[in-house]
Amino acid sequence: MIVPSADLRALRRSTPAAALMAAVLVLSGCAGSSLDQSGGTQPSATVKIGLLVPLSGVYAPLGEDMGNGFKLYLDQHGGKLGGRTAEVVSADEGEGPQTGVPAAQKLVTQDQAAVVVGVVNSATALGLRDFFHESKKPLLVANAGANDITGARKSEYVWRTSFANGKVSAALGSAVAKEAKGGVYLIAADYAAGREMVAGFRKTFEAAGGKVAGEKYTPFGKTQDFQPFLSAIRGSGAKAVYSFYAGAEAVSFVKQYQQFGLAGGTPLYGTGFLTEGGVLDAQGEAAVGVKTSLHYSTELDTPRNKEFVAAYRKAYDEAPTVYAVQAYDAAAVLDKAIAGAPGGGGAELVKALGGVGPVDSPRGQWSFDADHDAQQKYYLREVRSSGGTVVNAVLSELS
Ligand code: PHB
């Protein structure tokens with residue numbers, strides 16, 4: 001069972017990578033301050049932002065959403081961040097550190113970006129940490145959840161507008177322990193994020209009395225046929241499943257889970273990336289009933305979110321995703337920080353990031369915690385059919 005190309009077409013969504021590149025505003029000048037005619041320093045009129053997201057590979061659709069979210073904020077604010085015209089230079093993160101690390105280095109050393117924003121993959125984020133720490137340039141992670149970059153390996157120069165893998169997954173543990181009618185099987189993509197998601201979930205799940213029926217990690221970026229893994233789940237006698245997949249892998253997993261006949265009797269849970277955005281469009285009815293934890297849903301019933309969803313739909317003719325929100329918020333945070341850092345240097349910019357305070361986001365209000373991670377609410381969501389489409393209905397807030 002391989003994802004049909006029509007599904008992948010649905011995943012590709014409306015704005016191709018080329019359009020993202022076209023969003024680059026080519027303007028003269030560079031980040032930081034410049035000498036004025038009297039010999040004093042003046043803030044430069046422009047600020048250069050490096051946007052590092054996957055433009056290729058399994059996570060390319062996520063990168064596209066992030067580019068769209070960042071660009072929407074700029075479009076709503078006259079193309080400026082902190083009063084300066086933003087010059088956005090994009091680079092392709094690809095599927096991991098082998099491509100993502102050199103692309104980030106190029107943004108900083110060759111393109112002279114004042115700050116790099118983006119990064120989808122946890123392994124890329126971990127691979128980038130030392131480079132940003134040592135070169136004293138700010139990295140604003142707008143997706144990758146690697147625990148250590150705001151934990152054991154935190155740096156003055158690394159900030160995150162998204163989530164930590166251990167937190168977004170831990171939010172779901174006790175709810176599943178209460179609902180499951182027996183042992184729960186844990187399955188995830190085999191790389192840093194999958195392992196950390198399962199560990200985070202397992203901690204709160206077991207603490208609440210949940211029992212694990214089996215555990216499996218599938219080769220990341222290479223697994224299209226999940227049938228052998230689905231057979232193992234059935235053979236384990238598990239009464240429910242917890243999973244981490246995103247992008248094209250999430251489409252294959254959820255569709256095949258249903259085709260294999262597990263969906264009826266064995267409830268499927270996961271972190272919200274499993275059923276987000278274009279992934280959910282491609283899964284369609286196969287995803288109905290899947291329950292997830294996430295810090296965003298298009299269905300959040302607040303004026304701020306409604307206004308954001310309407311603006312995003314108007315700009316891109318599709319619903320936004322958590323990836324778009326995380327990047328939109330990264331632009332909002334930079335808007336404030338750049339205004340508070342007229343010299344434009346890395347040290348000054350990270351100091352200003354520490355002072356941005358609460359962010360009025362479509363996800364609800366959040367702020368940076370002491371480790372530079374997003375302190376925020378998580379929601380319990382369930383995929384439901386609604387008006388001929390499928391959405392992530394918000395059931396409750398998770399504590
Ligand atoms: C990650 O690698 O940290 C990651 C990737 C995709 C997601 C979530 C987390 O949707």
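We count ligands from 1, going down the list as the structure has it; atoms in each ligand are counted the same way.
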How about [X] and [Y]: does a side-chain donor come under 3.5 Å of a side-chain acceptor?
| X | Y | result |
| --- | --- | --- |
| Asn305 | Tyr296 | yes |
| Thr275 | Asn392 | yes |
| Tyr379 | Glu299 | no |
| Thr46 | Glu87 | no |

Closest approach of Tyr269 to Leu274 (non-hydrogen atoms, all atoms of both residues) |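 It is O-CD2, 4.1 Å.
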What is the minimum heavy-atom distance between Leu268 and Phe253, and which atoms define it?
->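 Looking at all heavy atoms of both residues, the closest pair is CD1-CE2, 3.8 Å.
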In order of chain and number, which residues sit within 4.0 Å of ligand 1 by heavy atom?
-> Tyr59, Leu62, Val120, Asn121, Ser122, Asn143, Ala144, Gly145, Phe163, Asn165, Tyr191, Ala193, Phe244, Ala246, Phe273, Tyr323
